[in-house]
Amino acid sequence: MRLSDPIFTTLDPDQRRAVLHDAGPLLLVAGAGSGKTRAIVARIVRLIRDGVPARSILGITFTNRAAGEMRERVAKALAPGVESSIGDVLARSFDRAPGTTEVPWLGTFHAFGAILLRRHGGRIGLSPRFVIYDARDQHDVLKRILKELNVDEKKFPPTKFAWLIERAKRDGVSVEQAALSAGWRVVTTAGQVGKAYDDALVEAGAVDFTDLIRLPVTLLRGAPDVLTEVRSEVRHLLVDEFQDVDGAQAELTALLAGGADSFCAVGDEDQSIYGWRGASAEPMLLFERRFPGAKVIHLSTNYRSRAAILSVAGALISKNRSRREKTILPAREGGELPAVAVYADQEAEAQEVAAAAAREIRGGVAPTEIAVFYRVNAQSRAIEDALRMLRIPYVLRGALSFYERAAVRDAVSYLKWFLHPDDAVSLKRLLKFPRRGVGEVTLNKAREAARREGIPPSEALARIPNLAPLFSFRTLWLEELPQMSPAEALHALLKGAGYLDALEAAAREPGEGREGAGREEDLEHVRELFRVAETFPGAGEDGLLEFLEKVTLAADEAGGEESEAVRLMTLHNAKGLEFDVVFLVGLEDGLLPHSRSLDSPHDIEEERRLLYVGLTRARERAFLSLARRRNLFGSYRETVPSRFLYDLPASLMRRTDGALPEPARPGKGFSGAPPPDHRMRLYGEPRYEDAEPSGRPRKVRHPVFGEGKIEAVEGEGNDRKVIARFPVYGLKKILVRAVTMEFFE
DNA sequence: CCCCCGTCAGCTGGT
DNA sequence: CTGACGGGGG
């Protein structure tokens with residue numbers, strides 16, 4: 001093996017050990033900015049240089065974006081100069097060898113699951129032509145079911161059932177069991193809904209996102225020969241963001257790892273931010289127990305952020321209890337301490353952030369190196385308005401992606417329905433435009449007839465006069481399909497079904513306000529979809545399914561990646577990225593931490609990790625801010641500074657203006673209690689983290705004062721105070737709920 | 001069947 | 001303030 005390649009010579013000793021790790025399980029604990037991706041890429045390249053067939057390496061990531069980046073970097077290292085064209089080919093290299101360089105398979109759990117099911121799904125009764133239902137499709141199915149079963153949608157909205165069904169699949173239990181363990185009272189109904197949902201998906205020939213993980217597990221467990229075959233292909237396994245795997249993903253990982261020559265899991269429990277979706281850092285924390293003989297390597301040098309930023313991030317995350325203590329060594333000294341600014345309202349906050357961004361750009365920072373992070377998508381609007389005002393270009397990431405646009409969804413519905421005429425959800429959508437004079441009533445009649453006669457719904461539907469042209473065109477289209485490329489097939493379909501003509505006519509219509517303009521945009525979106533389809537090779541159903549799958553799974557490819565614009569995104573979206581300058585807005589209780597997390601210490605810790613993730617994205621500067629008043633549902637409410645600000649050692653924080661909330665002790669900055677008006681809450685009454693000492697602690701560790709001896713305790717519940725003596729600061733009375741402190745013997 | 005309009009409830013987060 | 005839904009008329 002040649003280790004003279006720069007991809008190896010630039011590694012630090014820990015990274016090098018991870019790259020050279022030979023066989024067996026390896027847990028790579030990779031803190032923020034520790035060169036994780038670089039290590040993974042180098043490891044893959046190292047394996048290939050050592051003669052491991054590229055196609056026997058499987059690398060699983062969480063997002064398409066991460067997979068794409070890794071693909072690019074591996075491709076670049078393997079075949080310099082051919083970079084991005086290979087990137088696309090790589091995406092599909094698992095199924096058939098492309099004519100280019102042999103490359104490893106890199107993709108998301110969901111994409112991998114889809115490939116497995118395409119190939120072997122028949123073993124569990126799944127058609128290889130299945131389509132994938134996304135959250136929206138799922139929602140529509142559930143709505144229909146709830147109506148049919150006469151479930152009160154007000155009390156039990158479709159989203160609740162979606163959550164329940166997802167949870168059941170994730171945990172590998174029945175929907176009844178999931179309802180029971182979630183404390184639902186309507187367990188039987190939940191079971192009925194679950195059953196009806198399953199039936200609807202089977203009828204439509206569809207699987208949902210969770211199925212893409214659950215069904216492969218079922219498959220590999222139930223078919224030993226398939227397991228053997230898959231294992232013979234996957235010799236080296238890598239799983240990124242291992243702290244965020246859910247139950248089903250952990251099972252799938254274990255099944256694959258069980259037969260692999262090497263298994264490298266990479267993660268950082270301090271960046272686990274998907275607990276709400278069933279993710280758990282447990283598989284990571286229990287790694288050595290689950291994989292006996294596992295090696296553990298820590299990457300503890302942070303190459304990204306200035307020391308000043310890391311000191312604040314480190315102080316913050318150390319307030320979390322459920323974590324393993326670890327060292328993070330800054331490779332980049334100095335830097336500016338993150339500042340906290342308080343503004344009158346969200347508009348003022350947004351304007352100042354925009355102005356500061358403008359200053360950064362004038363100072364030579366590229367717009368692409370500036371990011372604004374917020375907790376919820378709704379916060380973006382104020383920032384957008386302010387940026388537009390100053391004519392600063394920006395891109396939203398992950399908000400409404402291209403594939404969620406109405407027209408794109410229309411087009412995709414046509415495609416799904418043409419492949420599966422029993423797909424009720426897609427049919428309902430496509431009947432909205434152009435109008436065909438068929439609605440809910442007619443559809444239900446046909447469905448009823450089908451049930452009576454014991455025929456598939458589509459047969460009864462074909463008898464509806466207004467739908468006859470659609471059905472006969474479909475027959476024609478299916479005949480032609482084997483000869484058509486995905487782009488041709490899509491175009492022929494939308495043309496023949498009358499969608500394209502209707503859309504063009506609507507776009508041409510004299511711009512009556514929003515109607516005409518909106519349609520023009522829709523047409524442009526459909527054209528863009530054609531362009532995407534053109535990048536897909538092959539012909540017939542296979543090519544089309546591949547295209548469809550990409551469109552459904554690629555939620556995070558909103559485009560605009562190259563544009564010279566400031567990036568706006570949620571904190572969840574920020575993971576894995578880095579910027580020179582980062583703005584973190586809305587540091588208010590109820591927002592960050594979010595109101596839905598306030599009553600659980602466990603959830604609060606996840607929110608704290610979210611802020612930690614945000615802070616550690618910054619290379620040079622981070623600016624934190626909050627608004628004292630925020631507009632919610634049309635009216636302004638007073639806010640309370642985020643409790644996390646009080647986690648940050650006062651000595652580390654730089655304050656930017658005089659409008660800070662009154663510190664409890666003058667001169668101590670953010671070390672004191674929150675301001676006294678904590679009854680005025682953004683989202684109702686908060687419940688503070690239970691910082692109640694357990695047993696009879698005699699000592700306390702305070703973020704600013706350090707270790708102190710407890711002299712007395714007074715007050716109850718929310719008012720509980722500890723009086724403790726600290727080495728330097730002397731006697732202090734501290735409101736327990738206000739500061740995260742550690743109590744011990 | 002479809003469109004319009006008034007009413008009402010709602011904002012985590014993502015594949 | 002925005003989007004979803006239900007009722008009523010064309």
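Note on naming: letters A, B, ... go to the chains in the order of the sequence lines (proteins, then strands), and numbering restarts at 1 for each one.
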Margin query: Given B:dT15, B:dC11, B:dG14, identify the nucleotide with an atom nearest to the side chain of A:A135.
Written below: B:dT15
Notebook entry, point to check: What's the closest nucleotide to the A:R435 side chain, out of B:dC3, B:dG14, B:dT15?
Noted result: B:dC3
Notebook entry, point to check: Just checking A:Y274: base, sugar-phosphate only, or nothing, at a heavy-atom cut-off of under 4.0 Å?
Noted result: sugar-phosphate
Item checked: Options B:dG14, C:dT2, B:dC11, nucleotide nearest the side-chain atoms of A:T570 -> B:dG14
Check: Using a cut-off of less than 4.0 Å, is there contact between a side-chain N or O of A:N631 and OP1 or OP2 of C:dC1?
Finding: no
Next item on the list: Choose from B:dC11, B:dC1, C:dT2 the nucleotide whose nearest atom is closest to any side-chain atom of A:R381.
Entry: C:dT2
Notebook entry, point to check: Which heavy atom of A:V438 sits nearest a heavy atom of A:I464, and at what distance?
Noted result: CG2-CG2, 4.0 Å
Checklist line | Candidates A:P283, A:S280, A:S272 - the one meeting side chain to side chain contact (heavy atoms under 4.5 Å, CB included) with A:V245 | finding: A:P283
Margin query: Check the orientation of A:Y274 and A:H572. Use parallel for under 30°, tilted for 30 to 60°, and perpendicular for over 60°.
Written below: tilted
Note to self: In whole Å, I'd like the distance from the CD atom of A:Q346 to the C1' atom of C:dC1.
What the structure shows: 11 Å
Check: Between B:dC1, B:dC3, B:dT15, which nucleotide has the shortest distance from any of its atoms to the side chain of A:H110?
Finding: B:dT15
Item checked: Parallel, tilted or perpendicular, as decided by the 30° and 60° cut-offs, for the rings of A:F471 and A:W417 -> perpendicular
Notebook entry, point to check: For atom P, what is the distance between B:dG13 and C:dA4, given to the nearest Å?
Noted result: 15 Å
Check: OP1, OP2 of B:dT15 versus side-chain N and O of A:T210: anything below 4.0 Å?
Finding: no
Note to self: Any base atoms under 4.0 Å from A:E166, or only sugar-phosphate, or nothing? Heavy atoms, all strands.
What the structure shows: base
Check: Rounded to the Å, how far apart are A:H572 NE2 and B:dT15 C1'?
Finding: 13 Å
Next item on the list: Return the value, rounded to whole Å, for the distance between atom CD of A:E588 and atom P of B:dC11.
Entry: 20 Å
